[in-house]
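Below is one structure, written out as structure tokens; the observations come after it.
For clarity, every value in this text was computed on a predicted model and none was experimentally measured.
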Amino acid sequence: MPLHVPAGSHILFQGDSITDSGRDRHPYADVNAALGHGYVYLVAARAAARAPGHRWRITNRGVSGDKVPELAARWQADTLELAPDVLSVLVGVNDAWRVVDGDSGDIDADGFRGAYDALLARTRQTLPELRIVLCEPFCLPSGPGSDFDEALAAQVLLRQQIVAELATAHRAELVRLQTVFDEAARRAPAAHWIHDGVHPTAAGHQLLADAWISAVAAGPPER
């Protein structure tokens, strides 16, 4: 199914390491390498193959390790000044992870809500016609070497609920991902999809890309 996005649109992906996926940051990087090797690349590949005449411009600005405060710190240059037509954001698992680890200075669920809400309000004010897609953070238990535990899962769940509420509040589309990975884990071991509890394998990135394309192809919500 083709994306429900006008031809020539600029689609910007923001987030943490799941979005970053080793993208090449060099100004003259190969167009493929600049997208990384994860779901952003897979979305770009499938979308362009299905609708070659649309010539969408897809940009990856994910940064490994980012939480919402780090996104906010670079938002002007890495998002607002790029003036995309479609903005996709996947963030939250690092915020959850750091709270569980007890890192000083990190924000709890209420702080996450406030910071993310402010970021989206700022974005709507600057780019009122922007189509925003919010992706749900997710995790899966993936074996003895995994970073997954019940405390992390509980914190991720809180942020999933917050992201859903913010999507409604800011007229954004929501890509639900936890159910996608939960269902996949019934077909193959969790480690087949997520190798350490939070980072997808190649198969997991394909699930993510498919879910994103399905959500965006459905079209933006009625305003």
Taking only residues two or more places apart in sequence or in another chain, which ones pass side-chain contact (heavy atoms from CB on, under 4.5 Å) with Leu134?
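So Leu134 forms a side-chain contact (heavy atoms from CB on, under 4.5 Å) with Val89, Tyr116, Leu120, Ile132, Val163, Leu166, Ala167, Ala172.
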Using the side chain to side chain contact (heavy atoms under 4.5 Å, CB included) rule, take Ile213 and Arg46 through it: C-alpha gap first, then chi angles, then the decisive distance, then the call.
CA-CA 9 Å; Ile213 288 172; Arg46 178 161 294 182; 3.8 Å; yes
Shortest non-hydrogen contact from [X] to [Y]?
X	Y	result
Val133	Val86	CG2-CG1, 4.2 Å
Arg159	Ala96	NE-N, 3.6 Å
Ala115	Val68	CB-CG1, 3.6 Å
Asn60	Ala34	CB-O, 3.8 Å
Asp24	Ala29	CG-CB, 3.5 Å
Asp95	Pro69	OD2-CD, 3.9 Å

Output, in order, the C-alpha distance, side-chain angles, deciding distance and verdict of side chain to side chain contact (heavy atoms under 4.5 Å, CB included) for Ile18 and His199.
CA-CA 6 Å; Ile18 299 171; His199 293 97; 4.2 Å; yes
Donor-acceptor contacts under 3.5 Å from residues 183-192 side chains, at least two apart:
unit_1 : atom_1 : unit_2 : atom_2 : d
Glu183 : OE1    : Arg187 : NE     : 3.3

Rounded to the nearest 0.5 Å, what separation is found between the [atom1] atom of [X] and the [atom2] atom of [Y]?
X	Y	atom1	atom2	value
His205	Ile194	NE2	CD1	9.5 Å
Leu157	Ile162	CG	CD1	10.0 Å
Arg74	Arg61	CZ	CZ	9.0 Å
Cys135	Glu173	SG	CD	10.0 Å
Phe112	Leu158	CZ	CG	10.0 Å
Asp108	Gln155	CG	CD	8.0 Å

Take atom CZ in Phe181; do more than 12 heavy atoms of anything else shown fall under 6.0 Å from it?
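Atom CZ in Phe181 is packed in, count exceeds 12.
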Verify, without hydrogens or angle tests, whether [X] (side chain) and [Y] (backbone) share a donor-acceptor contact under 3.5 angstrom.
X	Y	result
Thr79	Gln76	no
Asn94	Asp66	yes
Arg131	Val216	yes
Glu70	Asp16	no
Arg122	Trp75	no
Trp56	Pro6	yes
Arg124	Leu130	yes
Arg23	Gly62	yes
Glu136	Gln178	yes

Would you say that [X] contacts [Y] through its side chain, given a criterion of any heavy-atom pair below 4.5 Å between the two side chains?
X	Y	value
Ser88	Thr19	no
Phe138	Leu208	yes
Leu3	Arg50	no
Val5	Asp85	no

Under 4.5 Å between side-chain heavy atoms, counting indirect links through other Ile/Leu/Val/Met/Phe/Trp/Tyr residues: same cluster for Val63 and Leu12 or not?
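Unlinked, Val63 and Leu12 end up in two clusters.
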Is there a path of hydrophobic side-chain contacts, each under 4.5 Å between heavy atoms of I, L, V, M, F, W or Y residues, that connects Leu82 with Leu80?
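Shared cluster, yes.
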Take Val40 and Thr59 through the side chain to side chain contact (heavy atoms under 4.5 Å, CB included) test and state the conclusion after the steps.
CA-CA 8 Å; Val40 177; Thr59 304; over 6 Å; no
Is Asp20 paired with Arg25 through a side-chain N to carboxylate O contact shorter than 4.0 Å?
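Between Asp20 and Arg25 there is a salt bridge, with a charged N closer than 4.0 Å to a carboxylate O.
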For Phe13, which residues count as a ring pair (Phe, Tyr, Trp, His ring centres under 6.0 Å) partner, sequence neighbours excluded?
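Scan of Phe13 (ring pair (Phe, Tyr, Trp, His ring centres under 6.0 Å), adjacent residues dropped) gives Tyr39, Trp212.
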